[in-house]
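Here's the structure, in structure tokens; my notes come after.
Residue numbers start from 1 in every chain, and the chains themselves are labelled A, B, ... in the order their sequence lines are given, proteins ahead of strands.
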Number of protein chains: 2
Amino acid sequence: MRDVAARAGVSLKTVSRAVNGEPNVSAAVQARVAAAVAELGFERNDLARSLRHGRSSATLGLLIEDVTNPFYAAIAHEIEQVAAEKGYLLITSSSQQQEERERELVAALTRRRVDGLLLVLGGGDHGFVAEAARTTPTVFLDRPPVGIAADAVLLDNRGGMHQAIEHLLEQGHRRIAFVSDPGELFTAAERLRGYREALTAAGLEIDDALVRLGRHDLGEAERIVEALLALPAGERPTAIVTGNNRHSVAAARALARVPNPVALVGFDDIELAELLARPLTVVAYDAGALGRHGAELIFSRLGATPAEQPPPREIVVPTRLIARGSGELGPSS
Amino acid sequence: MRDVAARAGVSLKTVSRAVNGEPNVSAAVQARVAAAVAELGFERNDLARSLRHGRSSATLGLLIEDVTNPFYAAIAHEIEQVAAEKGYLLITSSSQQQEERERELVAALTRRRVDGLLLVLGGGDHGFVAEAARTTPTVFLDRPPVGIAADAVLLDNRGGMHQAIEHLLEQGHRRIAFVSDPGELFTAAERLRGYREALTAAGLEIDDALVRLGRHDLGEAERIVEALLALPAGERPTAIVTGNNRHSVAAARALARVPNPVALVGFDDIELAELLARPLTVVAYDAGALGRHGAELIFSRLGATPAEQPPPREIVVPTRLIARGSGELGPSS
DNA sequence: GTGAAAGCGCTAACAG
DNA sequence: CTGTTAGCGCTTTCAC
């Protein structure tokens with residue numbers, strides 16, 4: 001920038017004004033600066049800018065488990081879209097479900113002075129985010145904050161699971177298995193609660209042998225479903241509900257290998273679900289909405305003065321059941 | 001940091017040393033600084049650090065079309081993994097296939113002084129990247145640079161298409177359609193070239209009516225395939241090869257709606273392809289490898305002195321055919 | 001309309 | 001081992 005000033009024969013500050021489109025720069029000077037900028041290939045250093053400017057690195061930070069899961073990709077994409085409209089960029093980082101990585105990455109994002117933090121965190125206490133959340137607008141996505149207060153955008157986990165169970169009950173199922181993540185995970189716990197509530201409301205006993213919670217590693221999940229399917233006649237479930245798209249994929253694979261499949265309803269939609277040999281019935285929702293609302297919550301805080309900051313808010317994204325076939329198999333088919 | 005220094009009763013520089021784990025800090029002082037840091041909830045400002053430090057914002061910039069496409073998600077994920085090992089974060093931005101966005105985003109990333117640029121750009125001249133590439137290690141992914149020299153990681157597009165066509169020829173197909181992106185796109189052009197080469201090598205004429213290039217908008221792509229399937233008997237293709245995963249999804253959907261389907265081979269693998277009603281035969285490859293190699297190329301330049309910089313390099317990722325059923329349909333089935 | 005001085009938070013290069 | 005000085009590239013403040 002100093003070089004540009006020298007080249008254009010003006011002061012540093014004038015270049016700054018010209019480059020940033022501030023008022024009080026004559027057309028002639030504006031043009032001279034523009035020419036110098038072009039000749040020197042100058043690009044404003046936004047790091048230095050935000051340092052002095054005090055605020056705004058014009059960057060948001062997102063922490064998810066893994067972008068290759070379409071659920072997270074949808075979230076990341078929507079955040080990025082909202083951010084782009086405001087001239088913000090997005091740093092996306094993956095925890096790989098490791099709490100240590102979560103800590104490291106929140107710290108790394110904070111050190112870079114992101115203007116907002118969007119977090120999908122695992123179980124356990126989230127106290128390590130408290131400090132960052134004090135100075136940076138922070139939104140929890142998919143899972144609520146634990147141990148601290150902050151905005152959150154969640155799914156209607158229980159409601160969605162009610163839809164799934166009620167749908168299967170209508171088909172005559174009475175032995176419905178639930179395959180999902182470990183119960184430490186908020187979403188798994190809530191969906192399990194929905195599962196229990198719906199069964200209990202129908203006057204059925206909960207058979208804990210049909211509740212299988214394990215990491216959403218595809219291989220392990222497949223083995224869990226295989227074990228369920230290998231149960232003797234009376235104990236075998238006639239339907240399975242999965243707790244997320246990874247488990248749905250695993251269950252679909254395991255089911256494809258047995259001669260006498262059972263009904264399946266997945267939580268979260270899957271591309272091409274309708275073209276599967278056994279079209280997948282799912283509890284669907286707008287995953288991107290988690291990101292979109294989250295980004296909007298961030299920007300609403302960014303646009304408000306400290307005095308105007310509202311108390312923590314919670315947004316719940318609705319679910320809906322899409323029947324495609326796999327969930328319409330009867331108990332004896 | 002100044003507050004920490006005051007609190008610990010040491011100089012600014014000593015805090016800097018302690019915080020960064022530099023040598024020449026006594027254990028006692030180290031402890032006192034650590035205590036002050038904890039009490040004040042201090043987090044080093046990496047923006048200021050990299051400003052002074054001159055180099056390294058410890059951030060890489062990635063420009064893709066859209067993270068919700070699993071192809072790009074795989075790339076982003078691998079880059080992030082490699083970056084994480086070195087303590088780097090990744091800014092992921094989506095062009096949505098708009099050249100104007102590409103320009104804006106490359107500029108935005110450059111202004112933030114990312115240490116490396118990984119770009120998936122559309123057709124047209126890439127001159128607008130030249131200035132950035134001069135000062136920042138830049139790698140082109142999936143599509144080579146046009147008009148400038150830079151590292152690139154590409155797929156074996158022609159080879160992959162040869163595999164697809166040869167496979168279909170072996171099944172007896174002679175009328176094979178090609179459905180892909182517009183020819184301005186390097187990958188589409190190369191795959192089309194592979195298609196032509198393989199057919200010509202087999203002594204067949206190219207029927208341009210069977211070559212349909214259009215944006216990979218799912219709806220439009222479906223209509224293109226429908227049109228092909230609606231051709232009269234003699235003109236109708238007996239097999240279709242798609243140019244990318246979006247077109248494969250579109251083709252699978254369109255094919256599922258007709259009573260007399262044709263063979264289908266997709267370029268790029270799809271999750272659950274084996275569980276589709278008509279299991280999808282594909283030309284598969286390691287999409288993540290594009291990202292992994294790209295990130296490694298960046299870091300190799302980052303670790304080299306200006307004098308050591310090698311000339312632009314090109315890495316080609318191999319493809320392989322996976323037969324699952326849709327590509328093994330005969331011409332008269 | 002334009003410029004000079006000061007400083008954002010940190011670290012390189014020296015001193016001590 | 002620790003502190004001082006200067007300055008990264010930019011913007012704020014205030015003067016002209």
Side-chain angles (χ1 to χ4, degrees), chain A residues 1-34 36-37 40-59 87 107-115 131-132 135-136, chain B residues 1-34 36-37 40-59 87 107-115 131-132 135-136:
Chain A
M1 191 150 177
R2 194 164 47 186
D3 299 337
V4 174
R7 193 99 155 95
V10 294
S11 81
L12 245 178
K13 177 61 208 176
T14 300
V15 175
S16 171
R17 276 194 265 258
V19 167
N20 294 304
E22 290 172 27
N24 296 334
V25 180
S26 70
V29 170
Q30 178 68 263
R32 250 186 314 141
V33 171
V37 164
L40 270 49
F42 169 80
E43 286 269 22
R44 182 182 67 198
N45 184 332
D46 274 359
L47 262 40
R49 179 188 163 83
S50 69
L51 178 59
R52 176 66 243 221
H53 205 211
R55 59 178 184 278
S56 192
S57 55
T59 307
L109 292 168
T110 307
R111 283 199 302 267
R112 278 175 182 73
R113 298 296 188 267
V114 293
D115 299 309
E131 191 61 35
T135 55
T136 310
Chain B
M1 189 152 175
R2 194 165 44 191
D3 300 335
V4 175
R7 194 99 154 93
V10 295
S11 82
L12 246 178
K13 178 63 205 176
T14 301
V15 176
S16 172
R17 275 194 266 260
V19 166
N20 293 303
E22 288 174 28
N24 297 333
V25 180
S26 71
V29 170
Q30 178 68 264
R32 244 179 326 134
V33 171
V37 164
L40 271 48
F42 169 80
E43 285 268 23
R44 182 183 68 199
N45 184 332
D46 274 0
L47 262 39
R49 176 177 221 253
S50 69
L51 179 60
R52 174 68 247 217
H53 207 209
R55 57 177 185 277
S56 192
S57 55
T59 307
L109 292 168
T110 307
R111 283 199 301 267
R112 279 172 182 74
R113 298 296 187 265
V114 294
D115 299 310
E131 190 62 34
T135 55
T136 311

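Considering only heavy atoms from C-beta on, B/Thr59 stays 4.5 Å or farther from B/Arg112 through its side chain. Taking the side chain as every heavy atom from C-beta outward, B/Leu51 and B/Leu47 never approach each other to under 4.5 Å.
In this structure, the separation between CG on B/Leu109 and CG on B/Asp115 is 11.5 Å, given to the nearest 0.5 Å. Summarising the geometry, atom CZ belonging to A/Arg49 is positioned 4.5 Å from atom CG belonging to A/Asn20; distances are rounded to the nearest 0.5 Å.
Under the salt bridge (Lys or Arg N to Asp or Glu O under 4.0 Å) criterion, A/Arg44 pairs with A/Asp46, not counting sequence neighbours.
Distance B/Glu22 CD to D/dG3 P: 14 Å, rounded to the nearest Å. As rounded to whole Å, 13 Å separates atom C1' of C/dG1 from atom CD of A/Gln30. Between B/Arg112 atom CZ and D/dG9 atom P there is a gap of 18 Å when expressed in whole angstrom units. Rounding to whole angstrom units, CG of residue B/Asn24 and P of C/dT11 are separated by 16 Å. Regarding B/Lys13, its NZ atom lies at a distance of 6 Å from the P atom of C/dT11, rounded to whole Å.
Each of B/Val33, B/Asp3, B/Val19 was scored for a side chain to side chain contact (heavy atoms under 4.5 Å, CB included) with B/Phe42, with one residue passing: B/Val19.
Residue pairs meeting the side chain to side chain donor-acceptor pair (under 3.5 Å) criterion with at least one partner in residues 8-17 of chain A, sequence neighbours excluded, are A/Ser11-A/Thr14.
At its two ends the helix from C/dG1-D/dC16 to C/dG16-D/dC1 runs along axes set 30° apart, each axis drawn from five pairs and the angle rounded to 10°.
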Side chains of residues 25-32 of chain B: which donor-acceptor partners sit under 3.5 Å, not counting sequence neighbours?
| unit_1 | atom_1 | unit_2 | atom_2 | d |
| --- | --- | --- | --- | --- |
| B/Ser26 | OG | B/Val29 | N | 3.3 |
| B/Arg32 | NH1 | B/Ala8 | O | 2.5 |

Using a cutoff of under 3.5 Å, can you pull out all pairs of nitrogen or oxygen atoms linking the protein to nucleotides 14-16 of chain C, with atom names and distances?
none

Quick test: give all pairs of protein nitrogen or oxygen and nucleotides 7-10 of chain C nitrogen or oxygen below 3.5 Å, distance rounded to 0.1 Å.
| unit_1 | atom_1 | unit_2 | atom_2 | d |
| --- | --- | --- | --- | --- |
| C/dG7 | N2 | A/Arg52 | NH1 | 3.4 |
| C/dG7 | N3 | A/Arg52 | NH1 | 2.9 |
| C/dC8 | O2 | A/Arg52 | N | 3.2 |
| C/dG9 | N2 | B/Ala48 | O | 3.3 |
| C/dC10 | OP1 | B/Asn45 | N | 2.9 |
| C/dC10 | OP2 | B/Met1 | N | 3.1 |

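In this structure, the side chain of A/Ser57 engages the main chain of A/Arg113 through a donor-acceptor pair within 3.5 Å.
Between A/Thr14 and C/dG3, a side-chain N or O to OP1/OP2 separation shorter than 4.0 Å is present. At the phosphate of C/dT2, OP1 or OP2 sits under 4.0 Å from a side-chain N or O atom of A/Ser26.
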Determine, stepwise, if the pair A/Thr110 / A/Glu131 fulfils side chain to side chain contact (heavy atoms under 4.5 Å, CB included).
-> CA-CA 10 Å; A/Thr110 307; A/Glu131 191 61 35; over 6 Å; no
